[in-house]
Engineer: 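I am attaching a structure below and will ask some questions about it afterwards.
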Number of protein chains: 2
Amino acid sequence: MVTIRDVARNAGVSIATVSRVFNGSSHVSAESSRSVRAAAKRLDYWPHGGARSLTTSLTHTMGVLLPDLFGDFFSEVIRGIDRAAREQHFQIVVSSSHADTEEMLAAARFMQGRIDGLIAMVPDKGSAAAIRRIASRFPVILLNPRFEVAGCSTISIANFGGARAAVEHLTQLGHRRIAILKGPGGNVDAEERLRGYQQALRDAGLQPDPELELEGDFSQVGGHRCASELLQLAPRPTAVFAANDYMAVGLMSALRDAHLEVPRDFAVAGFDDIAIARYMNPPLTTVRVDAQELGQRAALALITSMQAPSKPSPTHTVLPAALVVRVSCGSAANGSRAARSRPRLSAGG
Amino acid sequence: MVTIRDVARNAGVSIATVSRVFNGSSHVSAESSRSVRAAAKRLDYWPHGGARSLTTSLTHTMGVLLPDLFGDFFSEVIRGIDRAAREQHFQIVVSSSHADTEEMLAAARFMQGRIDGLIAMVPDKGSAAAIRRIASRFPVILLNPRFEVAGCSTISIANFGGARAAVEHLTQLGHRRIAILKGPGGNVDAEERLRGYQQALRDAGLQPDPELELEGDFSQVGGHRCASELLQLAPRPTAVFAANDYMAVGLMSALRDAHLEVPRDFAVAGFDDIAIARYMNPPLTTVRVDAQELGQRAALALITSMQAPSKPSPTHTVLPAALVVRVSCGSAANGSRAARSRPRLSAGG
DNA sequence: TTGTAAGCGTTATCAA
DNA sequence: TTGATAACGCTTACAA
């Protein structure tokens, strides 16, 4: 390995001078600068990032803790983080799928001394104490948090508002018996979307009915599985709100297998607006969430808070979730030809 | 920040002893060990990873260089890497979307001293020299490479064989005029799949026709856009092989808009077997590629090569791509009711 | 079994 | 403008 010492020797200067050249110090003669650069090029010298950050205690790296990396949503979040990070000349170290709090803590521990700050998405409430411990060591930005952590900025998605808008769309189309495919138990997003669903029902003078709340798991397979359960309900619902698009995809496929037609026999709405939603058959009415922006904002917030001279007071951002009306909910319940509702935005959570 | 020195002082021992306790050295008395652990707990001591790896010159981290992070494929690759890495107690630092070779090189340079090895996916041939430079500093595993780099192990996907199998499926169904939606120019995967398509045609005694090779870009929008071009071809093709599933999705959506039915009016085959392929309407016949395994194998290969006492000779693995027959290609060309071909595997590249 | 001290490859503080 | 040299937080001979 070529070190700063080799370059110094080769250029006939001290290591301090080499360091100065590479860090853009102005107090270097043109002559020295030239010979240092020449030597570095000759030797193909690459500075050792680890050593550098040991002295500066700046790593120019941010950690990312996610529950999983599966599917459009997480990949878009990471993409957003990566994009914003690169623009600010930051790298990211990613760690996901922690079986339990202990494993998550181990990952964070490992990052100690390798990152300047952390972006964490922790859907599990039991990890609050762990996050607090982590947040006492470096700046932490929380994504869609279930809990408050003193001093941590948060960025969330308007799960409640988005779900409410989707279900309101269904009630306005005349549907009275609307089922929901819930997300996995204990998941914040799932719970908030369920709340939004229930609120929209109440807003329409309907009573939430536990029988209509089907257990899902955010997966296509899960959505597919729910279909039979759905079809056994009596009287049969006329509409379904799937708490995410993957479940809607699975459900619609199962309905097709059962020779049921969407939206004629069932209105179906989803959540997330995954890339293929608009290309589905029929195109899926869903709630758009900008996962990439979630990541981007988090990265920017983190960099801001790391570069702040004193610990800034935390901010809490909620990204809007907008209803996107396509075809899968049809125009009106039970085939009656009511006016088709227009696309509308739901601004808050 | 609590350092090893604080723990030593608090426990009444030297820093060497603290270090020994944390590194599981046997030459420590039970008494010392106990008091060190107690002190560490009291102070909530977390070792500084960067400092540790400076002395050991082991970072327990691997770098990942990808062209992008968009879509199912890359997210599954990262997921596979992350999974295998965690099992071996490795972390990953990710960097993607490098506009040019210079930017990619900068990312690798930045990683110097922070990683033990690198997994790189570089679809651009012009980066060969850069990769060679990188590979001279630490072990590099190449994913789907376009070029050879001395000493680098590679893991690829059977693009050629998979595409050939898909198109062979179409010819066996009786199709004679088969178009292809090509991937972006300069992309290895795209080029290999095109080669496979052409070979399958020749195998069936058909002459590849440039007119039938439509320019695509691996995106849904691109697939959608190709539809009109496709429909203007005279005589009109009866089948289309899309070089990836996203384009197939966009194409099928456009065909639907044009009141054309798949597979009745067009047989459509894709490549990748993305998560929703089986749930599409109609379910998509495609070529399955295990992106996660690609990542997993790469991580394992990297760890193996890093831990080898001497530089091991490079290996070149090709992951099979298996044809998955669903509905989108129908049973026989032009509505004739030929026997439906069975799912079959294509083993090689 | 323990402690002292010499690194690891940098940056940063002094004098010169 | 330069060069010694002391950090940075840790591991690891080597001595005791």
Engineer: Could you pull out every donor-acceptor pair under 3.5 Å between side chains of residues 118-127 of chain B and any protein atom, sequence neighbours left out?
Structural biologist:
unit_1: B:Asp124; atom_1: OD1; unit_2: B:Gly126; atom_2: N; d: 3.0
unit_1: B:Ser127; atom_1: OG; unit_2: B:Thr101; atom_2: OG1; d: 3.1

Engineer: Going by the rule salt bridge (Lys or Arg N to Asp or Glu O under 4.0 Å), which residues pair with B:Arg83 if we only count those two or more places apart in sequence or in a different chain?
Structural biologist: none
Engineer: For residues 70-80 of chain B, run the donor-acceptor check on the side chains, cut-off 3.5 Å, and write out each pair with its distance to 0.1 Å, sequence neighbours left out.
Structural biologist:
unit_1: B:Asp72; atom_1: OD1; unit_2: B:Tyr246; atom_2: OH; d: 3.1
unit_1: B:Asp72; atom_1: OD2; unit_2: B:Ala275; atom_2: N; d: 3.3
unit_1: B:Ser75; atom_1: OG; unit_2: B:Asp72; atom_2: O; d: 3.3
unit_1: B:Glu76; atom_1: OE1; unit_2: B:Gln292; atom_2: NE2; d: 3.2
unit_1: B:Glu76; atom_1: OE2; unit_2: B:Arg79; atom_2: NH1; d: 3.1
unit_1: B:Arg79; atom_1: NE; unit_2: A:Asp68; atom_2: OD1; d: 3.3

Engineer: With side-chain contact (heavy atoms from CB on, under 4.5 Å) as the criterion, how do B:His98 and B:Leu65 come out once you've worked through the C-alpha distance, each side chain's angles and the decisive distance to 0.1 Å?
Structural biologist: CA-CA 9 Å; B:His98 309 282; B:Leu65 242 43; 4.1 Å; yes
Engineer: Where the side chain of B:Ser153 meets the backbone of B:Thr315, is there a donor-acceptor pair that is under 3.5 Å apart?
Structural biologist: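 Checked: pair present.
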Engineer: Mind checking salt bridge (Lys or Arg N to Asp or Glu O under 4.0 Å) for B:Arg5 and listing every partner two or more places apart, or none if nothing turns up?
Structural biologist: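 Expected list: none.
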Engineer: Taking 5' to 3' order, which nucleotide of DNA chain D is first and which is last to have an atom within less than 4.0 Å of a heavy atom in chain A?
Structural biologist: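 With heavy atoms of chain A under 4.0 Å away, the range is D:dT1 to D:dG9.
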Engineer: With B:Arg109, which residues qualify under side chain to side chain donor-acceptor pair (under 3.5 Å), at least two apart?
Structural biologist: none
Engineer: Kindly give the heavy-atom pair with the smallest separation between B:Phe138 and B:Asp116, and that separation in Å.
Structural biologist: CB-O, 3.8 Å
Engineer: Which part of the nucleic acid, if any, lies within contact of B:Ser29, taking any heavy atom under 4.0 Å across all strands shown: a base, the sugar-phosphate backbone alone, or nothing?
Structural biologist: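 Sugar-phosphate, backbone atoms only, no base.
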Engineer: Which heavy atom in A:Gly117 sits nearest to a heavy atom in A:Met306, and how many Å separate them?
Structural biologist: N-SD, 3.7 Å
Engineer: Does A:Ser96 use its side chain to pair, donor to acceptor, with the backbone of A:Leu66 at less than 3.5 Å?
Structural biologist: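 Side chain of A:Ser96 to backbone of A:Leu66, a donor-acceptor pair under 3.5 Å: no, none is there.
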Engineer: Within this structure, what is the CD1-CD1 distance for the pair B:Ile4 and B:Ile15, rounded to the nearest 0.5 Å?
Structural biologist: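 Going from the CD1 atom of B:Ile4 to the CD1 atom of B:Ile15 covers 5.5 Å.
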Engineer: Counting any heavy atom closer than 4.0 Å, what does B:Ser32 reach on the DNA or RNA strands: base, sugar-phosphate only, or nothing?
Structural biologist: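 B:Ser32: backbone/sugar contact only, no base atoms under 4.0 Å.
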Engineer: Give the angle between the helix axes at the two ends of the helix from C:dT1-D:dA16 to C:dA16-D:dT1, taking five base pairs at each end and rounding to 10°.
Structural biologist: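 Rounded to the nearest 10 degrees, the bend comes out at 40°.
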Engineer: Looking at A:Ile134 and A:Val140, what are the two nearest heavy atoms and their distance?
Structural biologist: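 Between these two residues, the closest heavy atoms are CG2-CG2, 4.0 Å.
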Engineer: Please compare B:Thr55 and B:Ala30 by the position of their nearest nucleotide in DNA chain C and report the one closer to 5'.
Structural biologist: B:Ala30
Engineer: Keeping to residues at least two apart or across chains, list the salt bridge (Lys or Arg N to Asp or Glu O under 4.0 Å) pairs with something in residues 300-316 of chain B.
Structural biologist: none
Engineer: Give me each pair satisfying salt bridge (Lys or Arg N to Asp or Glu O under 4.0 Å) with a member in residues 145-154 of chain B, each pair once, sequence neighbours excluded.
Structural biologist: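 Passing the test, one end in residues 145-154 of chain B: B:Arg146-B:Glu191.
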Engineer: So if I take residues 8-16 of chain B and measure heavy-atom distances to DNA chain C, which residues fall below 4.0 Å?
Structural biologist: B:Val13, B:Ser14, B:Ala16
Engineer: At a heavy-atom distance below 4.0 Å, what parts of residues 42-53 of chain A sit against DNA chain C?
Structural biologist: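 Within residues 42-53 of chain A, the residues near DNA chain C are A:Tyr45, A:Trp46, A:Pro47, A:His48, A:Ala51, A:Arg52.
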Engineer: Earliest and latest nucleotide of DNA chain C, 5' to 3', sitting under 4.0 Å from a non-hydrogen atom of chain B?
Structural biologist: C:dT1 to C:dG9
Engineer: Any heavy-atom pair between the side chains of A:Met1 and B:Gln112 that's under 4.5 Å?
Structural biologist: yes
